[in-house]
Amino acid sequence: MATIKPFKGIRPPKDLVEKVECRPYDVLDSEEARAEAGDNEMSLYHITKPEIDFAPGTSEYDPRVYEKAAENFEKFQSLGWLVQDKSENYYIYAQTMNGHTQYGLVVGAYVDDYLNGVIKKHELTRKDKEEDRMKHVRVCDANIEPVFLAYPDNDALDKLIMRHAATAPVYDFIAPIDGFRHQFWVVDEPADITLITEEFAKMPALYIADGHHRSAAAALVGAEKAAADPNHNGEEEYNYFMAVCFQASQLTVLDYNRVVKDLNGLSSEEFLEKLACNFDVKDMGTDIYRPARLHNFSLYLDGHWYSLDAKAGTFNDADPIGVLDVDISSRLILDAILNIGDLRSSKRIDFVGGLRGLGELKRRVDSGEMRAALALYPVTMGQIMNIADSGKIMPPKATWFEPKLRSGLVIHKLS
């Protein structure tokens with residue numbers, strides 16, 4: 001069962017939140033962060049992407065960069081740009097995109113739950129990326145950015161959240177870049193804190209939606225601290241890491257599409273012929289065609305959009321992995337026809353996710369940068385949870401969640 005706790009969040013004063021908040025560290029590169037921060041010395045990018053405080057071209061993995069993160073974190077606190085709450089609270093974080101609002105509970109998630117599999121993952125992590133985040137957590141002695149978790153729908157928590165959401169939020173702003181609304185409430189009433197803790201204690205599992213490397217890094221640093229502490233008793237703050245937990249049914253998983261540089265030496269006609277072995281191929285014309293259902297794909301090639309329906313027998317609906325369109329397309333198109341076997345390392349493929357849409361696929365092919373594009377029907381939260389429950393791992397580049405969590409609304413210190 002899931003163990004969580006409230007914590008004394010470190011947050012910006014209400015009048016500074018829009019100066020401090022920023023996008024997550026892993027959705028933009030150093031130069032984009034430098035441009036977005038501009039001359040705003042309060043931007044959290046000075047902590048999450050501190051290479052922007054050095055000369056352009058400085059590696060984000062330079063030891064000086066990690067030390068700068070810790071230095072800036074202390075600076076933000078000393079100048080009152082970040083202030084720690086006096087009591088342990090839970091927090092509610094709401095995001096509104098295209099008229100849909102999802103409500104998350106910001107909690108301290110238990111390190112042992114991650115290590116023991118109560119917090120379930122569906123993606124592989126890379127050791128180099130884990131170590132990068134571990135260095136950041138160690139040097140700051142804090143979880144600067146949260147992990148994004150999902151939990152099974154819960155009526156009692158839903159009622160509590162809606163009661164708080166009917167009151168005035170502490171923060172309420174429209175974020176630049178994405179244009180989505182972000183709201184934030186503090187849950188400090190003892191009865192509400194107890195209810196949240198007890199309801200999570202009834203849940204057999206939580207699920208990582210986004211932030212697998214952050215989860216791994218936070219849990220491993222917590223375990224390191226426990227092993228190094230001769231007086232460890234299990235109550236220390238480092239036994240927990242910051243997570244925003246959303247009800248699974250509220251989450252939006254967007255399509256994560258593929259663009260390829262070449263057709264593996266095939267002509268367009270030969271490529272379409274090979275596709276016809278495993279797919280019913282239909283020319284849909286020049287208007288953008290979006291996949292209509294599971295096992296239906298959209299191909300953009302030579303200015304035309306094609307519908308590809310996977311034929312019976314090419315997938316296994318009883319297999320949590322085999323039923324996925326990312327698996328079908330990887331096996332039957334990318335690997336078998338185009339000889340692109342390793343999606344993580346191949347230079348012949350790129351991925352387009354989130355809000356950029358199918359128009360971005362068309363643009364990249366029409367520009368000549370790419371030869372063809374393949375659009376997939378989005379994975380569902382139910383599929384993600386089934387895979388995590390089965391202990392299996394999803395193929396690479398399978399999920400894209402929007403909206404992304406903004407960083408800087410609250411931070412969790414480990415001591």
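Since the structure is predicted, the reported quantities are computational estimates derived from the model, not experimental observations.
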Gap separating the CG atom of L275 from the CG atom of L308, nearest 0.5 angstrom |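 If we round to the nearest 0.5 Å, L275:CG and L308:CG are 5.5 Å apart.
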Could you tell me whether D155 atom CG has more than 12 heavy atoms of other residues or ligands within 6.0 Å of it?
-> no
K19 atom NZ, neighbour heavy-atom count above 12 within 6.0 Å =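 Counting neighbours around NZ of K19, 12 or fewer heavy atoms of other residues, nucleotides or ligands fall under 6.0 Å, so no.
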Set of residues satisfying side-chain hydrogen bond (donor to acceptor under 3.5 Å, both in side chains) with respect to [X], sequence neighbours excluded:
X	answer
K121	none
R133	none
N316	none
K282	none

Could you tell me whether E237 and K5 make a salt bridge, using a distance below 4.0 angstrom between a side-chain N and a carboxylate O?
->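 Answer for the salt bridge query: yes.
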Geometric class of the F351/Y256 ring pair [parallel <30°, tilted 30-60°, perpendicular >60°] |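 Perpendicular: the ring planes of Y256 and F351 meet at over 60°.
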Applying salt bridge (Lys or Arg N to Asp or Glu O under 4.0 Å), run through D158 and R163 and close with a yes or a no.
-> CA-CA 9 Å; D158 191 48; R163 173 162 49 82; over 6 Å; no
Whether the [X] and [Y] side chains hold a donor-acceptor pair (N or O, under 3.5 Å, no angle test) is what I'd like checked.
X	Y	result
Y93	H182	yes
Y171	R11	yes
N116	Y110	no
R23	T48	no
D192	H164	yes

Can you list every salt bridge (Lys or Arg N to Asp or Glu O under 4.0 Å) pair that touches residues 96-111, not counting sequence neighbours?
-> none
Sequence-distant partners of V259, side-chain contact (heavy atoms from CB on, under 4.5 Å), two or more places apart =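 Result, side-chain contact (heavy atoms from CB on, under 4.5 Å) vs V259: D350, V352, L361, R364, M370, A373.
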Who passes side-chain contact (heavy atoms from CB on, under 4.5 Å) against H304, sequence neighbours left out?
->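 H304 satisfies side-chain contact (heavy atoms from CB on, under 4.5 Å) with D283, T286, Y306 once adjacent residues are dropped.
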Does [X] reach the main-chain N or O of [Y] with its side chain, forming a donor-acceptor pair under 3.5 Å?
X	Y	answer
R138	V221	no
Y91	G9	yes
K311	A276	yes

For K225 and E236, run salt bridge (Lys or Arg N to Asp or Glu O under 4.0 Å): C-alpha distance rounded to whole Å, both residues' side-chain angles, the deciding distance at 0.1 Å, then the answer.
-> CA-CA 10 Å; K225 285 179 168 287; E236 299 87 357; over 6 Å; no
Inter- and intrachain pairs under ring-ring contact (aromatic ring centres under 6.0 Å, His included), touching residues 123-142, at least two apart =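 Listed by first then second residue: nothing to list.
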Can you list every ring-ring contact (aromatic ring centres under 6.0 Å, His included) pair that touches residues 21-62, not counting sequence neighbours?
-> none
With sequence neighbours left out, which residue pairs that include part of residues 63-74 fulfil the side chain to side chain donor-acceptor pair (under 3.5 Å) condition?
->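 Passing the test, one end in residues 63-74: D53-N72, D62-R64, Y66-D132, K68-E71.
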Pairs involving residues 385-398, ordered by first then second residue, that meet side chain to side chain donor-acceptor pair (under 3.5 Å) (sequence neighbours left out) =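 Sorted pair list: K120-D389, Y207-D389, D319-K392.
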All ring pair (Phe, Tyr, Trp, His ring centres under 6.0 Å) counterparts of Y90, not counting sequence neighbours = none
